[in-house]
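Computed from a predicted structure; not experimentally measured.
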Amino acid sequence: MSAQAYAHLQKNQQAYLTQQILTATPEQILILLYDGAIQAIKQAKLALQKQPQDIMASHNNLKRAQNIIMEFMNTLDFEIGGDVATRLYALYEYLYMRLVHANIKKDIDALNEVLAHMQQLKETWQEAMKIAARERLQEARFEEPQAISA
């Protein structure tokens, strides 16, 4: 693939991603962020496994994942979320610190640990969204006016 074709492909991918984000619901954005963090951790891990290690690529990807986790921490609503928000904050803080450790020590085991947690959290949020959608559908059906029989 020529450099010009590759640049055109990257431009189209960026435009698609931008459009996807602009039209996404908050729930979809949450999943996109989890996907971004998971992808960044995987890329950091691959960079560390290269011979020789690609330290800069690993660092940049880990910083990207750290920024996403920090965004999760900053957007938690403790008034609405209560104890769940507090527990999520503690988990995110732990994952953030494990990424810092992995970045400093080049620790692939720490990356695997964070990756597993992030994948599980993403799956949990996806399941919660499915349950909420089913409940909204049931409520909408319940609120529909019943046909009057003659």
Side-chain angles (χ1 to χ4, degrees), residues 1 3-141:
M1 178 181 295
Q4 185 178 16
Y6 183 74
H8 182 69
L9 178 63
Q10 281 188 313
K11 182 180 175 184
N12 287 342
Q13 287 175 332
Q14 186 61 39
Y16 174 77
L17 181 58
T18 300
Q19 186 62 32
Q20 191 178 15
I21 291 169
L22 291 174
T23 59
T25 65
E27 293 86 2
Q28 291 168 328
I29 290 173
L30 179 72
I31 297 304
L32 288 172
L33 285 169
Y34 273 107
D35 285 340
I38 289 166
Q39 186 63 28
I41 294 166
K42 287 179 178 179
Q43 289 174 351
K45 183 177 166 183
L46 285 174
L48 286 178
Q49 291 171 331
K50 280 185 179 179
Q51 293 297 336
Q53 294 178 337
D54 189 346
I55 301 300
M56 245 358 252
S58 173
H59 171 76
N60 291 337
N61 281 296
L62 288 174
K63 288 299 291 179
R64 194 169 118 218
Q66 289 169 348
N67 289 339
I68 292 169
I69 291 173
M70 186 61 69
E71 184 64 21
F72 289 154
M73 293 167 69
N74 290 334
T75 57
L76 286 170
D77 187 329
F78 294 96
E79 287 184 28
I80 294 173
D83 189 48
V84 172
T86 301
R87 289 173 189 251
L88 267 175
Y89 187 91
L91 177 58
Y92 289 144
E93 185 176 41
Y94 173 77
L95 297 175
Y96 181 89
M97 294 309 297
R98 290 298 285 160
L99 288 178
V100 170
H101 167 84
N103 202 359
I104 293 169
K105 299 292 185 179
K106 311 306 176 213
D107 185 346
I108 291 179
D109 289 336
L111 292 180
N112 287 333
E113 177 188 359
V114 175
L115 184 60
H117 282 291
M118 294 300 287
Q119 290 169 329
Q120 184 62 46
L121 283 164
K122 176 188 169 191
E123 291 170 12
T124 301
W125 280 113
Q126 287 175 317
E127 187 60 31
M129 286 186 269
K130 287 177 189 175
I131 291 168
R134 281 195 302 265
E135 288 176 358
R136 284 191 300 271
L137 182 61
Q138 287 176 343
E139 288 173 7
R141 286 181 182 160

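Contact annotation: the side chain of Ile131 approaches that of Glu135 to within less than 4.5 Å [non-hydrogen atoms, C-beta and beyond]. Counting heavy atoms from C-beta outward, Asn112 and Ile41 have side chains that stay 4.5 Å or more apart. Taking the side chain as every heavy atom from C-beta outward, Thr25 and Leu30 never approach each other to under 4.5 Å. For the pair Leu121/Leu91, a side-chain contact is recorded, criterion being any heavy-atom separation below 4.5 Å from C-beta on. Contact annotation: the side chain of Met129 never approaches that of Gln28 to less than 4.5 Å [non-hydrogen atoms, C-beta and beyond].
Of all heavy-atom pairs spanning Ala65 and Ala37, the tightest one is CB-O, 4.1 Å. Of all heavy-atom pairs spanning Arg64 and Gly36, the tightest one is NH2-O, 3.2 Å. The minimum heavy-atom distance linking Ala24 with Leu32 is given by the pair CB-CD1, 4.5 Å. Heavy atoms only, all atoms of each residue included: Tyr96 and Ile69 are closest at CB-CG2, 4.0 Å. Residues Ala102 and Leu111 come closest through the heavy atom pair CB-CD2, 3.6 Å. In terms of heavy-atom proximity, Ile31 sits nearest to Gln126 at CD1-CG, 3.5 Å.
Lys106 NZ to His101 NE2: the interatomic distance, rounded to the nearest 0.5 Å, is 11.0 Å. Leu33 contributes atom CG, which lies 12.0 Å from atom CH2 of Trp125 (distance to the nearest 0.5 angstrom). Atom NZ of Lys63 sits about 6.0 Å away from atom NE2 of His59, to the nearest 0.5 Å. Note that the OG1 atom of Thr124 and the NE2 atom of His117 stand 11.5 Å from one another [nearest 0.5 Å]. Leu95 contributes atom CG, which lies 12.0 Å from atom CE of Met70 (distance to the nearest 0.5 angstrom). Atoms CE and OH, from Met73 and Tyr89 in turn, are 3.5 Å apart once rounded to the nearest 0.5 Å.
Asn61 and Lys45 share no side-chain donor-acceptor pair at under 3.5 Å.
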Under the ring-ring contact (aromatic ring centres under 6.0 Å, His included) criterion, do Tyr34 and Phe72 qualify, and how do the steps go?
-> CA-CA 10 Å; Tyr34 273 107; Phe72 289 154; 4.5 Å; yes

Passes side-chain contact (heavy atoms from CB on, under 4.5 Å), Thr75 versus Glu71? Steps please.
-> CA-CA 6 Å; Thr75 57; Glu71 184 64 21; 3.2 Å; yes

Evaluate side-chain contact (heavy atoms from CB on, under 4.5 Å) for Met56 paired with Asp54, printing each intermediate quantity in order.
-> CA-CA 6 Å; Met56 245 358 252; Asp54 189 346; 4.2 Å; yes

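Listed by first and then second residue, the salt bridge (charged side-chain N to carboxylate O under 4.0 Å, His left out) pairs that reach into residues 75-91 are Asp83-Arg87, sequence neighbours excluded. Residue pairs satisfying the salt bridge (charged side-chain N to carboxylate O under 4.0 Å, His left out) criterion with at least one member in residues 30-43, sequence neighbours excluded, are listed as follows: Asp35-Lys122. For the salt bridge (charged side-chain N to carboxylate O under 4.0 Å, His left out) condition, the pairs that include at least one residue of residues 90-105, sequence neighbours left out, are Arg98-Glu113.
Summarising the local packing, CD1 of Ile80 is surrounded by 12 or fewer heavy atoms from other residues, nucleotides or ligands at distances under 6.0 Å.
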